[in-house]
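Structure first, then comments.
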Amino acid sequence: MASRLVLIITAIVFLLLAEAPPTTAEECNDKWESCRNKAESLKLKVIAIFSILVTSMIGVSIPLFSRSVPALQPDRDLFVLVKAFASGVILATGYMHVLPDSFEDLTSVCLPERPWRKFPFTTFIAMLSAVLTLVVDSYCISFFKKKLAATAANANGSASLEAGERKEVEVCGHGHGNDVTAHADRDANIVDAGQLLRYRVVAQVLELGIVVHSVVIGLSMGASMNPCTIRPLIAAICFHQMFEGMGLGGCILQAEYGMKVKAIMVFFFSITTPLGIVLGIALSNVYSDTNSKSLIVEGVLNAISAGLLNYMALVELLASDFMGSKIQGSAKIMALAFVAVLLGAGGMSVMAIWA
């Protein structure tokens with residue numbers, strides 16, 4: 001899914017920006033002239049590619065290796081707090097970084113007043129993106145739950161399952177599905193399988209939104225010739241990728257994927273922003289932050305990503321965890337989790353000053 005998305009975004013950018021006409025507005029032409037140095041910018045971009053790649057890999061990989069650290073295992077309190085902090089980072093990313101960027105692009109003076117400044121395209125697109133995410137989420141879970149129920153019905157009354165089915169139930173049941181002929185155990189397996197399915201859908205949809213946003217961020221940085229902007233962006237994006245990766249890594253861990261799928265998801269999360277920077281460098285001759293087509297492409301992609309990230313952070317991550325038995329069972333954990341969310345969201349919001 002992620003690989004196809006990256007290819008589609010790349011193709012769209014090339015098609016829309018090819019032979020893009022220059023913008024004539026004086027405000028647009030003078031936007032970055034105060035600090036423009038092509039050689040210095042290129043050097044900073046190379047530094048950004050490697051530093052962002054490393055911090056992204058570290059961030060998304062930390063939760064995946066937490067099983068070897070007892071305190072960070074998914075059933076422990078510390079893991080819940082770390083995930084709450086990372087969820088706050090993802091929430092602030094959508095509201096404080098992606099959404100304002102889309103507003104800035106789609107209401108720019110470089111675009112015609114009609115229709116871009118007469119209709120709130122950013123919020124409209126973000127709303128549609130959130131609803132579409134809900135539709136995809138709902139249909140995926142409904143489809144696979146029916147499939148699980150059908151599998152369980154076929155196994156009802158049988159003395160044993162086929163080897164492949166037995167293995168699937170045992171994995172979904174996290175080791176609680178040994179007596180598959182017992183009705184209670186079979187129901188528990190179906191519930192656990194449904195929860196595992198939700199974790200997998202959440203992980204994939206969340207990565208989808210992050211990949212879109214990361215490509216746009218990288219593209220903007222790679223095309224910029226402004227060292228004054230790139231320099232603080234490196235630190236801000238590294239912070240962003242580190243903790244956003246921790247949130248995604250926690251979801252991947254809970255999804256119980258095999259090593260191959262985990263490696264693929266880690267790879268695409270880590271590579272998308274550096275890939276966007278490389279793409280921006282390659283397009284620097286035709287791409288401009290103030291070009292009308294560039295602004296529309298960036299603004300629309302950012303609005304889509306904002307709607308998706310906000311939905312995932314609020315509905316699938318925060319609401320799911322805070323209404324779950326782990327946090328609901330302890331007033332202390334609930335209070336600490338709220339503090340962790342506020343710290344994550346607050347820290348990411350402060351980074352908007354430099355980003």
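Side-chain atoms are counted along with the backbone in the values below, which use heavy atoms only and exclude waters and symmetry mates. Along the sequence shown, residues carry numbers from 1.
No side-chain donor-acceptor contact under 3.5 Å links K83 to the backbone of G250. Side-chain atoms of S108 never come within 3.5 Å of backbone atoms of E104 as a donor-acceptor pair (strictly under, hydrogens ignored). For the pair S61 (side chain) and M57 (backbone), a donor-acceptor distance under 3.5 Å is present. In this structure, the side chain of S51 engages the main chain of A48 through a donor-acceptor pair within 3.5 Å. A donor-acceptor contact shorter than 3.5 Å is absent between the side chain of T107 and the backbone of R117. Y257 contributes a side-chain N or O that, together with a main-chain N or O of R200, makes up a donor-acceptor pair within less than 3.5 Å. When atom types are taken as modelled, the side chain of H97 and the backbone of M348 share a donor-acceptor pair closer than 3.5 angstrom. The closest donor-acceptor contact from the side chain of T123 to the backbone of P120 lies under 3.5 Å.
In this structure, the separation between OG1 on T273 and CD on Q241 is 4.0 Å, given to the nearest 0.5 Å. In this structure, F50 CZ and I234 CD1 are separated by 12.5 Å, a value rounded to the nearest 0.5 Å. Here CD1 of I252 is found 5.5 Å from CD of E207. Values are rounded to the nearest 0.5 Å. To the nearest 0.5 angstrom, S56 atom OG is 12.0 Å from F267 atom CZ. Here the straight-line distance linking atom CD1 of I277 with atom CD1 of I52 works out to 4.0 Å at 0.5 Å rounding. One finds the CG atom of L253 at 11.0 Å from the CZ atom of F65 (value rounded to the nearest 0.5 Å).
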**Message:** Using the rule given for salt bridge (Lys or Arg N to Asp or Glu O under 4.0 Å), can you reason through E40 versus R231, listing the C-alpha separation, both sets of side-chain angles and the distance that settles it, and then say yes or no?
**Reply:** CA-CA 10 Å; E40 180 69 16; R231 195 174 290 109; 3.6 Å; yes
**side-chain contact (heavy atoms from CB on, under 4.5 Å) assessment of I125 paired with V300** = CA-CA 7 Å; I125 295 171; V300 170; 4.0 Å; yes
**Prompt:** Does the side-chain contact (heavy atoms from CB on, under 4.5 Å) test come out yes or no for F269 and V211, once each step is laid out?
**Reply:** CA-CA 6 Å; F269 170 79; V211 163; 5.9 Å; no
**Item:** Chi angles and distances behind the side-chain contact (heavy atoms from CB on, under 4.5 Å) call for F239, E244
**Value:** CA-CA 8 Å; F239 177 91; E244 191 174 55; over 6 Å; no
**Request:** Take W116 and I296 through the test side-chain contact (heavy atoms from CB on, under 4.5 Å) and record every step on the way to the result.
**Result:** CA-CA 9 Å; W116 300 105; I296 294 171; 3.5 Å; yes
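F119 pairs by the ring pair (Phe, Tyr, Trp, His ring centres under 6.0 Å) definition with F121, F124, not counting sequence neighbours. Here S270 pairs with nothing under the side chain to side chain donor-acceptor pair (under 3.5 Å) rule; sequence neighbours left out.
Side-chain atoms of I304 and L128, non-hydrogen and from C-beta on, never get closer than 4.5 Å to each other. Taking the side chain as every heavy atom from C-beta outward, N302 and D105 approach each other to under 4.5 Å. Side-chain contact between L317 and C251 is present, with at least one heavy-atom pair separated by less than 4.5 Å. Using a 4.5 Å heavy-atom threshold, the side chains of Y311 and M127 count as separate. Within the 4.5 Å cutoff, the side chain of M246 has no heavy atoms near those of the V60 side chain. In this structure, the side chains of P227 and S41 come closer than 4.5 Å at one or more pairs of heavy atoms. Here the side chains of K332 and S330 are in contact, with some heavy-atom distance below 4.5 Å.
In M334, the CE atom is crowded: over 12 heavy atoms of neighbouring residues, nucleotides or ligands sit closer than 6.0 Å.
Using a 4.0 Å cut-off between charged nitrogen and carboxylate oxygen, D77 and K326 count as a salt-bridge pair.
I90 and L64 fall within a single hydrophobic cluster, where Ile, Leu, Val, Met, Phe, Trp and Tyr are joined by side-chain heavy atoms under 4.5 Å apart, directly or via other members. Placement of V131 and L208 in two distinct hydrophobic clusters is found when ILVMFWY residues are connected by side-chain heavy-atom separations under 4.5 Å, directly or transitively. Hydrophobic clustering (ILVMFWY, side-chain heavy atoms < 4.5 Å, transitive): V315 and V205 are in one cluster. Put simply, L309 and L132 are part of two different groups of oily side chains (I, L, V, M, F, W, Y) that touch within less than 4.5 Å, one to the next. Hydrophobic clustering, with ILVMFWY side chains joined whenever heavy atoms are under 4.5 angstrom apart, groups L308 together with L134.
Considering I49, I237, L44 in turn, I237 is the only one that fulfils the side chain to side chain contact (heavy atoms under 4.5 Å, CB included) rule with M221.
The two atoms that bring P100 and Y95 nearest to each other are CD-O, 3.1 Å, heavy atoms only. Smallest separation of non-hydrogen atoms from S305 and V98: CB-CG1, 4.1 Å. Contact record, A84 with V341: O-CG2, 3.5 Å, taken as the closest heavy-atom pair. Listed here is the closest heavy atom pair of S349 and M96: OG-CG, 3.3 Å. Of all the heavy atoms in S87 and A313, the pair that sits closest is O-CB, 4.2 Å. Nearest heavy-atom pair, A303 versus S102, reported as atom, atom and distance to 0.1 Å: CB-OG, 3.4 Å.
Chaining together hydrophobic side chains whose heavy atoms lie under 4.5 Å apart places L81 alongside L336.
There is no side-chain donor-acceptor pair under 3.5 Å between Y199 and Q204.
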